[in-house]
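Naming convention: chains lettered A, B, ... in sequence-line order (proteins, then strands); numbering from 1 in each chain.
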Amino acid sequence: MTTNADASVEAGLTASSTTISAELFAIPLERGLHLVYAPLRRVAFVANATLINALADIREGRHESTAGTDRDLLDFFRGLRLIDSAPEETPSGELAGEPKPTSVTLFLTTACNLRCTYCYAAAGDSATTAMPMHVAKRGIDFVARHAHRQQQPFFGVGYHGGGEPTVLWRTMTGSFAYAEQRAGEIGIAVHGSLATNGMLKDEQIDWIVEHLHGASVSFDGLPTVHDRHRVTRRGDGSSKRVIATLRRFDETGFDYGVRVTVTRETIAQLADSIEFICRQFSTEHIQIEPAYLLGRWQGAASAETAEFVAAFRDARSRAKHHGRKITFSAARLDTLTGHFCAVSQDNFCLTPGGKVSACYEAFSENDPRAEIFLYGEPSADKGYRFNLETLRHLRAQVAQNRSFCAGCFAKWHCAGDCYYKELTIRQNGIFAGSARCEITRELLKDEILDRIEASGGLFWHQPV
Amino acid sequence: MKTLPPRFDLARLPECEAQQAAMVVPIAQLKLDTTMNRRGFLGAGLTASTLAGILASGCGALSVQAGCRGSTHGGSVGALAITPDGRTLISAGGFNSDSVKLWSLPLGAHFDTLIADAGQNTSLAIAADGSTLTVGSSKGINLWNLPERSSSPITKIPMQAVAMSLDGGTLVSAGPDETIKLWNLPQGSLRKILRTHPGGANILLITPDGSLLVSRNRQKTLLWRLPEGELWKELPAAANGGGPNEQSLAISPDGKLLAAGGKAITLWRLPDGELAQTLAGEAGIWSLAISEDGKTLVAGSGDGLIQLWQLPGGKLVKRIAAHGKSIVRALAISRDGRLLASGGADGAILLWRLPDGEKLQCLVDLAISDAQVSGMTYQLRHESGRMITYTLPCGSAIPAGATCTCHCVPGSVSRPRTTPVVNTPLRSGGTICTCNKVCTCNLIPVCQAHRLLHPDPFVRGMAEQLLLAMGAGQFGYLDWAIRQADSTLANRIRQLKRSIACGVQPERGQWPTSGPCIARLDDEDEVVAIMAAQMIALCGQRGNLSARLWRRVNVLLADARARPWFVRYAVDAYQVAKRRPEVAR
Ligand code: SF4
Ligand code: SF4
């Protein structure tokens with residue numbers, strides 16, 4: 001004979017056994033409905049208010065109410081590991097110990113062959129700096145050594161910075177030849193990467209294709225859109241050259257990505273621009289970002305608007321039509337992390353003067369935030385001396401420490417967004433979110449709803 | 001000013017919202033236009049289980065009503081007629097709305113109000129020449145010359161139904177005096193009076209060859225021979241269908257079929273009056289129309305659906321969710337069979353493409369629409385030489401040759417008003433029409449809630465604190481603001497609403513010093529300036545202000561009160577909120 005008590009034990013309805021075992025968010029939708037999202041369980045579904053309150057009941061230990069909840073529903077939650085499961089694993093937090101980087105990013109120069117109106121670095125406006133070869137070699141030696149010691153299969157060398165790295169072509173190719181030589185000596189590989197404006201000659205393209213593993217090219221889509229902001233010193237558009245570069249990359253099967261910058265004026269053309277990119281080029285990586293209100297674009301009208309979100313949605317559906325995906329840096333549903341970028345993960349970048357920076361935006365000692373992001377300098381022993389206090393501060397920039405983000409459903413994807421940008425918009429020295437937050441949350445929510453739709457329309461569950 | 005941290009952690013909702021059983025809601029039930037821009041959602045890659053979800057939840061028909069905010073008569077729609085040339089739709093108001101309006105086809109642009117006060121129970125009959133319109137109502141019968149917009153009264157005796165022979169020579173009318181009257185046109189002389197049903201007839205139809213008159217009320221359906229006016233036959237009771245919807249009657253253009261609506265649709269052979277077929281109806285049939293080729297029967301039901309039936313055979317080919325849950329009161333098909341007009345008790349008139357039933361337009365007359373309905377106006381020279389102003393909903397294509405008269409200056413108002421606007425004209429807020437090939441009218445958000453995503457964090461912070469100060473008592477206002485906003489902003493407002501519902505209060509610690517507020521008193525966005533003034537008042541910063549600045553604050557607050565209802569509402573709400581003791585904590 002089964003008693004009522006037995007039955008409830010069987011159904012898992014007893015007070016003691018029913019507890020919430022996931023971090024749960026409820027994102028308001030229309031008509032009182034909510035999107036329930038458990039990021040670390042990778043679970044989402046749309047719930048009505050009664051269901052939300054049933055979950056609240058369980059959380060609050062209101063056992064009587066829970067017992068009244070439909071047994072199937074509890075089984076459903078259990079199956080999704082929202083209740084009565086082992087605790088979730090949170091993404092890794094602050095790093096500790098001496099930095100042991102295995103990749104170096106070389107900010108070769110602040111010189112640039114373009115004068116993009118929205119350049120965050122205002123590249124080319126001030127006296128240019130150039131990285132001497134010995135600075136590059138020391139950095140390469142340092143990461144090669146660490147990769148070797150850590151028995152990594154390769155070390156990385158990237159070219160980036162507040163100018164166009166390919167302008168300093170001899171240093172770029174020379175330093176990479178040195179990296180290849182070092183890699184040969186220690187018997188591991190070297191992975192090279194580049195962020196470029198795409199104003200490349202054929203021989204440069206050929207070299208890149210032959211030596212590097214990937215490149216990110218700034219390209220805004222439709223030639224008219226691209227040429228509106230990405231112009232030469234004389235004010236001529238640069239789309240022709242960049243398109244030729246992308247074509248050549250495609251012909252060779254080179255792995256490259258396109259970064260599209262959107263200004264308030266070009267929001268309306270975003271979807272057409274993405275259509276253009278999808279039709280003309282075969283890249284699989286299309287990242288879209290509103291222009292930063294920094295450098296030359298300081299004081300411009302922000303593109304971090306609802307119109308951007310609408311345009312992004314439009315662009316996304318066009319890209320989908322071509323079997324491509326577009327991304328926005330902070331709305332990464334497939335990434336669960338406490339770090340938005342490598343700034344909190346001992347990112348190892350070298351300024352032309354040889355200082356160690358954690359941030360791609362803080363590319364020189366003259367940066368107003370250099371004190372925050374520059375955390376090391378060459379030491380007497382061919383290595384680097386790190387300022388551990390600065391490093392500790394940078395390492396602390398993880399989602400776990402962002403009290404403002406604690407209640408945000410995007411926190412394990414966005415992880416508090418770009419720290420550099422955050423510093424430029426802080427209010428009274430405190431981080432209080434930005435207009436980017438709305439973009440991140442809207443686009444992430446779209447993605448979640450898309451996943452539900454793709455999983456049959458009722459719920460999404462994709463355990464890690 | 002610091003903005004509030006996001007609060008998405010799952011929290012208990014007010015019990016009043018949690019009245020249904022706990023449910024996981026299929027995503028297909030979300031109103032996609034407000035949550036995401038997913039054009040072609042239903043067409044694109046719906047999985048089988050989603051479809052199962054839709055069907056199980058009874059949502060098989062996709063409602064188009066959500067996108068139709070047009071308003072036509074200020075009340076329900078009672079009758080529709082399309083001129084034989086297919087270029088004009090004539091609509092008459094139903095219950096509580098007694099105007100007769102003209103709309104150009106196929107665009108559906110409003111271009112004239114023929115009669116502002118036509119009386120109740122208006123019925124329309126149009127002659128084959130397209131220029132003679134008979135309007136019968138509680139105020140009698142008027143014969144209209146449409147091109148000239150002139151009318152001549154036939155009688156002032158109240159009427160509840162009129163019909164006209166195609167040749168325009170015979171007019172029949174039915175009144176509450178339980179008679180049917182035959183009139184000679186164009187003279188308007190009374191030819192004969194027929195004694196008929198108790199209660200009189202509610203609908204009259206004449207067969208295209210003019211040989212038969214059908215009259216119907218709740219009790220009886222009678223066939224009369226014309227021109228004599230002899231009672232020829234009473235159809236069996238089934239023809240009346242047993243519903244309150246005695247006006248649903250249609251004759252096929254060849255005059256051989258009579259369709260009568262009730263709980264179901266019954267088809268009768270004419271002239272013998274034999275039952276031909278019964279078609280299953282849903283929620284009662286309230287309106288019927290048959291296409292000129294006789295191959296399509298359109299039925300409007302009591303639950304807002306339009307059904308397309310194939311004739312002969314009576315196969316249901318399509319169901320369109322047209323008027324929400326409101327009765328479809330009137331239907332008209334253009335003579336070329338390509339256009340269907342439907343009018344509902346919801347006050348909407350919709351145009352549909354036949355035979356596929358694609359929605360084409362939701363008609364709007366701005367003069368009687370709610371404040372939040374936007375539209376565009378343009379002028380075209382009519383063949384009579386007159387310049388005519390047309391009104392279409394936002395987003396409609398502007399016809400070739402039209403001069404767009406919507407105001408193209410940002411912030412100006414294009415809304416024609418029936419009452420003059422008092423006080424200063426709006427300098428911000430209202431409608432922008434960008435006149436290009438397509439006239440898009442964007443409602444400029446005009447209140448605090450619509451500044452929640454302002455690029456300036458200080459402005460965002462002000463908006464947030466002011467809305468928190470307004471509190472839960474202003475959820476009506478926030479709901480309005482949500483309806484006006486695009487989806488991103490709407491979601492942000494929803495989040496704030498949720499915070500208020502969860503008891504979040506304005507944070508005095510977050511209130512700014514007067515400096516940043518003063519700096520914004522002259523902001524070019526007047527809503528920002530008003531918010532700065534409100535913030536100064538809310539924070540009690542008068543002491544820090546010079547007399548000149550304090551005057552400026554008061555001018556802004558007064559200016560705000562003189563604005564359209566929503567801004568004033570928000571400001572007044574704030575005034576109320578300011579008095580609430582908890583705000584001052
Ligand atoms: S902090 Fe921002 S700018 Fe710096 S590396 Fe990270 S994402 Fe880039
Ligand atoms: S609050 Fe903003 S920065 Fe923080 S996780 Fe959410 S979206 Fe990212």
Colleague: Between CG of L10(B) and CD of E23(A), what distance do you get to the nearest 0.5 Å?
Modeller: 11.0 Å
Colleague: Would you give the length of the straight line joining atom CG of D9(B) to atom CZ of R59(A), rounded to the nearest 0.5 angstrom?
Modeller: 7.0 Å
Colleague: Rounded at 0.5 Å granularity, tell me how far CG in L443(A) sits from OG1 in T488(B).
Modeller: 8.0 Å
Colleague: Which residue, I452(A), V36(A), L458(A), V46(A), forms the side-chain contact (heavy atoms from CB on, under 4.5 Å) with V24(B)?
Modeller: L458(A)
Colleague: Please report the closest heavy-atom contact between A26(A) and R498(B), naming both atoms and the distance.
Modeller: O-NH1, 3.6 Å
Colleague: How long is the span from the CD atom in E438(A) to the CG atom in L489(B), to the nearest 0.5 Å?
Modeller: 9.0 Å
Colleague: Side chain from CB out, backbone as N, CA, C, O: work out which of these in L33(A) comes under 4.5 Å of a heavy atom of chain B, or both, or neither.
Modeller: side chain
Colleague: Side chain, backbone, both or neither: which part of R436(A) has a non-hydrogen atom closer than 4.5 Å to chain B?
Modeller: neither
Colleague: For residues G433(A) and R460(B), report the shortest heavy-atom separation together with the two atoms involved.
Modeller: O-NH2, 4.2 Å
Colleague: With a 4.5 angstrom heavy-atom cut-off, which part of F459(A) approaches chain B: side chain, backbone, both or neither?
Modeller: neither
Colleague: Would you say that more than 12 heavy atoms from the other residues, nucleotides or ligands in this model lie under 6.0 Å from the NE2 of H322(A), or not?
Modeller: yes
Colleague: Heavy atoms, side chains only, cut-off 4.5 Å: are P455(B) and R264(A) in contact?
Modeller: yes
Colleague: Please report the C-alpha distance between R441(A) and N491(B) in whole Å, then the side-chain angles of each, then the deciding distance to 0.1 Å, and finally whether the side chain to side chain contact (heavy atoms under 4.5 Å, CB included) criterion is met.
Modeller: CA-CA 10 Å; R441(A) 292 196 282 252; N491(B) 286 328; over 6 Å; no
Colleague: Should D57(A) and R12(B) count as side-chain neighbours, where that means a heavy-atom distance under 4.5 Å?
Modeller: yes
Colleague: Could you grab the distance from atom CZ of R494(B) to atom CD1 of I27(A), nearest 0.5 Å is fine?
Modeller: 12.5 Å
